[in-house]
Amino acid sequence: MSHPIALIDCNNFYASCERVFNPKLVGVPIVVLSNNDGMIIARSQEAKDLGIAMGEPLFKIQDKIKKHGVAVFSSNYTLYGDMSQRVMTILESFCPDVEIYSIDEAFLNLHGFEREDLTEYGRKIKNTIKKWTGMPVTVGIAETKTLAKIANRLGKKSQKAGGVLNLYNSRFRNTALKRTDVEDIWGVGRQYGKLLRKHGINSAYELSLANDSWIKKRMTVMGMRTVYELRGTPCIKLEYSPPPKKAIVSSRSFGKLTNSYEDVSQAVANYVTRAAVKLRKQRSAARILSVFLRTNPFKNEMPQYHNGVMVELPVPTDSTAELLEYATKGLVQIFKPEYKYHKAGVMLTGIIPYDRSQYAMFDSENRNRMKEVTEVMDSINERFGKETMFYASLGIKREWGMRREMKSPNYTTNWKELPIVSAKEIWKYMQETEK
DNA sequence: TCTGGGGTCCTAGGACCC
DNA sequence: TCTGGGGTCCTAGGACCC
C-alpha cells in the first residue's frame, strides 16, 4: 500500500512575498519582473484575472498597468529566498521527511500519518504557515507525487476545497484526472501535450489508460513513469537531501548592449565568482569551465553572433582566482569587438567532490595559500554581506549591470545591507575567528 | 527603449576499442 | 582487402521542471 504524499505550494509566491510586507497591496494586482525588468515572471491572482500572461514583456502591457493600478516590482531574490526558508522550516516541524522541491514547493512524505485525518492535518499546516509568515499556501495529498501535484492544482482552483485537497484513497481520483488537461500534468509539457492530443489523449484520465509500449516509445521511460504515477503507483521517489549539482551555471543579460571587452570581461568575472561560491558551498571542484556570450536575438536588424568555449582545467579546482584566470583565457578566444553583446555566462561541469580532487593529493604550497585566501574571503563575505571583498577584475562601476528600478526593500535581511564595512571591523572579526 | 535564469534526465549517434 | 559483433564513453540535442 502506498503512503500519502503531500505537496505544499505557495500561492503566487513572489507576488505574495511582496504583499506580506506591504499590507497596502491587499486586493491590488501585483506583477514581479525578470532581471533587467524585462518581462513578467509572477502575478498575483488579481493580475492573472486582468489577463496578464506569464512571460509577457513589460512594455507591451504598460497601458493595462496604468489603467488598473497594477503594482510592479523588480525581482528581489534575497527576500523570496528568506521567505522560502521560513515556510520550509515550518513544514519540517510538521513532518520529518520533507523534500524541498523548489523555492515555493515542498513534498511531504506522510508515511505513518495514514490513520490521521489527512485533510485536517493539511488544514493545520496551511493555517500555521499563514499565521506565522503571512504566506498563503495550498496543500494537495495523494498516493504519488504526480497525483499530489494534480490535487494541489485542483485545490487551488476549487473554492470548496479551501486550500486543501485530499485525493488519498479517494473515490474522486478519476474525476480529478478527468478534470485535468494533459498539458497540465507534471512531466507533460508543450511538445508532449501536442503529441498526445494528436492521438486523442486529452485528459490525465485518458493518459492513465494509455498503452504502455506506445508511451515508452514516444515519451521515453519518463513518460512511462508519469503514466504509472497517474495510476497510483509511485515511481518518483522523494529526495530529502539534495544531491550536489552536476552543473553550475551563472549567466545574465546586461542592463545595456555593449561591445566593450572591459564590460564583458567584468561581467564574466562576476559570474565566475558567483559560480565558484556555489561550487564551494557544495564542497565540489570542477574540471571544466565554459564561457559563452551572445548578441540580442530579438534585434533582428543587428548582426548576430553567439559562441561558447569549453576550457579544461589541468586539475579540478574550486578556487575563484584560478577559475577567473581560465575564464579570461576562454573569453579572449570568442570575444569579437564588432558585435554588441546582450548576455554572457559561465558554466562549471565535470564536477566532483572536492576531497576526491587531484588537488588534495598533489597540493603545492601555492595552492594551499590560494585556498587560505579563498576561505578568508568567503568567511568575510558570509559575515558582512556578499561583496565585502571581491577581486578587482569584477569592476567597481559595472555599467553593464542589471536594471532593477522597482525593487522592494530587503525587509527580512536589511542588516546585511550594511553601508561600508571598515577595515577595522574586518580585522576584529578575523581576530575573533582565529580562535 | 523594453523579451529571465538555473537546473534535470534521456536518447541517438559518433569515436574508439577488442 | 574485407568482414562482424559487441561494448564503452562522450556529446549534442530535445524534452521537461520551477
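Residue numbers start from 1 in every chain, and the chains themselves are labelled A, B, ... in the order their sequence lines are given, proteins ahead of strands. Keep in mind that this is a model prediction, so the values were computed, not measured.
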> Let me know, please, whether A:Ser251 or A:Lys60 comes out on the 5' side of the other along DNA chain B by nearest nucleotide.
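The residue mapped nearer the 5' terminus is A:Lys60.
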> Which base sits across from B:dC18 as a Watson-Crick or G-U pair, both distances under 3.5 Å?
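Pairing partner, where one exists within any strand: C:dG5.
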> To the nearest angstrom, how far is A:Asp37 atom CG from B:dT1 atom P?
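Whole-Å distance recorded here is 18 Å.
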> So A:Lys278, base contact, sugar-phosphate only, or nothing? Heavy-atom distance under 4.0 Å.
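Sugar-phosphate contact only.
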> Between A:Lys281 (NZ) and B:dG6 (C1'), how many Å, whole number?
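A:Lys281 atom NZ is separated from B:dG6 atom C1' by 15 Å.
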> Classify A:Glu105 by what it touches in the nucleic acid, base, sugar-phosphate, or nothing, heavy-atom distance under 4.0 Å.
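Sugar-phosphate: the residue A:Glu105, judged by heavy atoms under 4.0 Å, touches backbone atoms but no base.
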> Students often get this wrong, so: under 4.0 angstrom with heavy atoms, is A:Met222 touching a base, only sugar-phosphate, or nothing?
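Sugar-phosphate, no base atom in range.
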> For a quick check of understanding: with a heavy-atom distance under 4.0 Å over all strands, which category does A:Lys145 fall into, base, sugar-phosphate or nothing?
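If one applies the 4.0 Å heavy-atom cut-off, A:Lys145 turns out to touch nothing in the nucleic acid.
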> Just wondering, do A:Phe298 and B:dT3 stack (centres under 5.5 Å, planes under 30°)?
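A:Phe298 vs B:dT3: stacking yes.
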> Between A:Glu399 and A:Lys397, does at least one N-O distance fall below 4.0 Å, as a salt bridge requires?
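Yes, this pair counts.
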> Are A:Glu183 and A:Arg197 close enough for a salt bridge, meaning some N to O gap below 4.0 Å?
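Salt bridge between A:Glu183 and A:Arg197, a charged N being under 4.0 Å from a carboxylate O: yes.
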> Quick one: on DNA chain B, does A:Ser253 or A:Pro244 contact a more 5' nucleotide (nearest heavy atom)?
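Looking at the nearest nucleotide for each, A:Ser253 comes out on the 5' side.
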> Give a yes/no answer on whether the side chain of A:Lys256 brings an N or O atom under 4.0 Å of OP1 or OP2 in B:dT1.
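Answer no for this pair, as no side-chain N or O of A:Lys256 is under 4.0 Å from OP1 or OP2.
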> Scan A:Ile236 against the nucleic acid and name what it touches under 4.0 Å (heavy atoms): base, sugar-phosphate only, or nothing.
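Since no nucleic acid heavy atom lies under 4.0 Å of A:Ile236, the category is nothing.
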> Within the 4.0 Å heavy-atom criterion, would you say A:Ser75 contacts the bases, only the backbone, or no part of the nucleic acid?
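If one applies the 4.0 Å heavy-atom cut-off, A:Ser75 turns out to touch nothing in the nucleic acid.
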> Cut-off 3.5 Å, side chains only: do A:Glu18 and A:Tyr80 have a donor facing an acceptor?
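Note: A:Glu18 and A:Tyr80 side chains meet the donor-acceptor criterion.
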> Counting the atoms with a prime plus P, OP1 and OP2 as sugar-phosphate, which does A:Ile103 contact under 4.0 Å by heavy atoms, base, sugar-phosphate, or nothing?
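Answer is nothing: A:Ile103 stays at 4.0 Å or more from every strand.
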> In whole angstrom, give the distance that lies between atom CG of A:Leu58 and atom P of B:dG4.
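So the two atoms are 12 Å apart, to the nearest Å.
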> For B:dC2, does OP1 or OP2 lie under 4.0 Å from any side-chain N or O of A:Lys299?
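Yes, such a contact exists.
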> Give one of base, sugar-phosphate or nothing for A:Arg274, where a contact means two heavy atoms less than 4.0 Å apart.
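Since no nucleic acid heavy atom lies under 4.0 Å of A:Arg274, the category is nothing.
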